[in-house]
Protein chains: 2
Amino acid sequence: MSNLANVDVAVTPAEKYREFLATKGLRMTRERAIIVDEVFSSHEHFDAEQLIQRLALRKNGRRVSRSTIYRSLALLEEAGLLRKVARQDDREIWEHDYGYPQHDHLICERCGRLIEFHNESISEILDEVARSHGFRMEGHRLEVHGLCDDCSRPPKTRPKKLNLL
Amino acid sequence: MSNLANVDVAVTPAEKYREFLATKGLRMTRERAIIVDEVFSSHEHFDAEQLIQRLALRKNGRRVSRSTIYRSLALLEEAGLLRKVARQDDREIWEHDYGYPQHDHLICERCGRLIEFHNESISEILDEVARSHGFRMEGHRLEVHGLCDDCSRPPKTRPKKLNLL
DNA sequence: ATACTTGCAAATGTTTTGCAACCAA
DNA sequence: TTGGTTGCAAAACATTTGCAAGTAT
């Protein structure tokens, strides 16, 4: 779009959000600022409920309603700042999609842990697959299910909790 | 597990389901038979609602309740007969996971079409990735999002429907 | 001033569940 | 017989939405 490829480099999430909103004729409100701020204050994966909790803990600043948070998550996704990475317990799990390298996840079915990994070849293969189908790829979501190292280990080395009953 | 690799070959989904149920101390009821039958009568992807519709259309045989259908989908998944492949419009999309080669999907965000593709390398890469993380992989779900050939084509070559109003 | 936004409560829509009547083994 | 099963209605839950009051620009 731009003739200056580096125009977006080092732009903070909040700034990028503001730009996005501007192009859509939307406004940077106090609530949206608070949310983008909180969302990018940590790299952890999160779901809507967790974000709601985190925002509730903020001492200063105003309270943000549940509705607004859901509405903002949708906007942040549209802005390319967040992406949904998985679903756990019927909840959508979100993560940063801006300023963070492309990656996929191993999902432990026992403890729910999300382990990130990056693999160049997968992207290349998908490019090729998409091309061969005349498909215009915009992104992908790859969930690898199974058991993480800890959870797949038989409970032998594990310290026994004896006589607890 | 078995020393006869071909022991399961040519076993019908219904039979495999019965075996699974037996090992769990569960029963092959009339309803479960109807459902596994209907589910494997077509290779199309489907969601719970569609299956409910299809079952409602059956002339002969008894009606199966919505609850039982949901309960059965979970069982069929556990039995390795079905797997969830995507989510569309807040609904889980299912497909056969038995007697059907492993594959993934291109998902058109405009028309919702699911295009299957198979790529050997992806499985190999995932095996390797999982191994390097000490992760016991049990399966994966890869959704490639974007626009299918038809939907990404600008509406110029498309036959115009003129004067229809 | 003029839309766009928010918070609230109510609605949505899918999937789950309690329970009494049923039924496969 | 004896549990597992079903259907029904109600519940559960995450997420969405209508609307009046508030607020960026």
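Below, read A as the first sequence line, B as the second, and so on, with proteins coming before strands; counting in each chain starts at 1. Side chains are part of it too, since the values below use all heavy atoms of this structure and drop only hydrogens, waters and symmetry mates.
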Each nucleotide in nucleotides 20-25 of chain D should get exactly one letter: B, S or -. Can you fill that in based on protein heavy atoms under 4.0 Å? ---BBS
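Side chain of B/His140 to backbone of B/Ser123: no donor-acceptor contact under 3.5 angstrom is found. Side-chain atoms of A/Gln88 come within 3.5 Å of backbone N or O of A/Gly112 as a donor-acceptor pair. With hydrogens and angles disregarded, no donor-acceptor distance shorter than 3.5 Å links the side chain of A/Glu128 to the backbone of A/Ile125.
Under a hydrophobic clustering in which Ile, Leu, Val, Met, Phe, Trp and Tyr are joined whenever their side-chain heavy atoms come within less than 4.5 Å, directly or via other members, B/Leu81 and B/Leu75 fall into the same cluster. In this structure, A/Tyr17 is a member of the same hydrophobic cluster as A/Leu73, with clusters built from ILVMFWY side-chain heavy atoms closer than 4.5 Å. When hydrophobic clusters are built by joining Ile, Leu, Val, Met, Phe, Trp and Tyr residues whose side-chain heavy atoms come closer than 4.5 Å, directly or via intermediates, A/Ile93 is not grouped with B/Phe135. Residues A/Trp94 and A/Leu51 are members of one and the same hydrophobic cluster, defined by side-chain heavy-atom contacts under 4.5 angstrom among Ile, Leu, Val, Met, Phe, Trp and Tyr. There is a path of hydrophobic side-chain contacts, each under 4.5 Å, that joins B/Val11 to B/Phe40.
Using a 4.0 Å cut-off between charged side-chain N and carboxylate O, A/Arg91 and A/Glu49 make no salt bridge. Look at B/Glu92 and B/Arg141 and you find a salt bridge, because one of the NZ, NE, NH1 or NH2 atoms lies within 4.0 Å of a carboxylate O, short of that distance. The residues A/Arg131 and A/Asp127 are annotated as not salt-bridged, no charged nitrogen and carboxylate oxygen being separated by less than 4.0 angstrom.
Interface residues of residues 38-52 of chain A facing DNA chain C, ordered by number: none; criterion, heavy-atom separation under 4.0 Å. Taking a 4.0 Å limit (strictly below) on heavy-atom distances, residues 72-95 of chain B reaches DNA chain C at B/Asp90, B/Arg91, B/Glu92. Contacts between residues 64-71 of chain B and DNA chain C, counted as heavy-atom distances below 4.0 Å, involve B/Arg66, B/Ser67, B/Tyr70, B/Arg71.
From one end of the helix from C/dA1-D/dT25 to C/dA25-D/dT1 to the other, with five pairs defining each end axis, the axis direction shifts by 40° (rounded to 10°).
Inspection of the A/Glu116 and A/His118 side chains reveals no N or O donor paired with an N or O acceptor under 3.5 Å. Under 3.5 Å, the side chains of A/Glu95 and A/His45 contain a donor-acceptor pair of N or O atoms.
When side chains are defined from C-beta on, B/Ile35 counts as touching B/Thr68, because their heavy atoms get closer than 4.5 Å. At least one side-chain heavy atom of A/Asp149 sits less than 4.5 Å from a side-chain heavy atom of A/Arg153.
Along DNA chain C, the stretch of nucleotides lying under 4.0 Å from any heavy atom of chain B spans, 5' to 3', C/dT14 to C/dA25.
Taking the six-membered ring for Trp and thresholds of 30 and 60 degrees, B/His105 and B/His103 have ring planes more than 60 degrees apart, a perpendicular arrangement.
Contact between A/Ser41 and A/Arg54 at its shortest, heavy atoms only, is OG-NH2, 3.3 Å.
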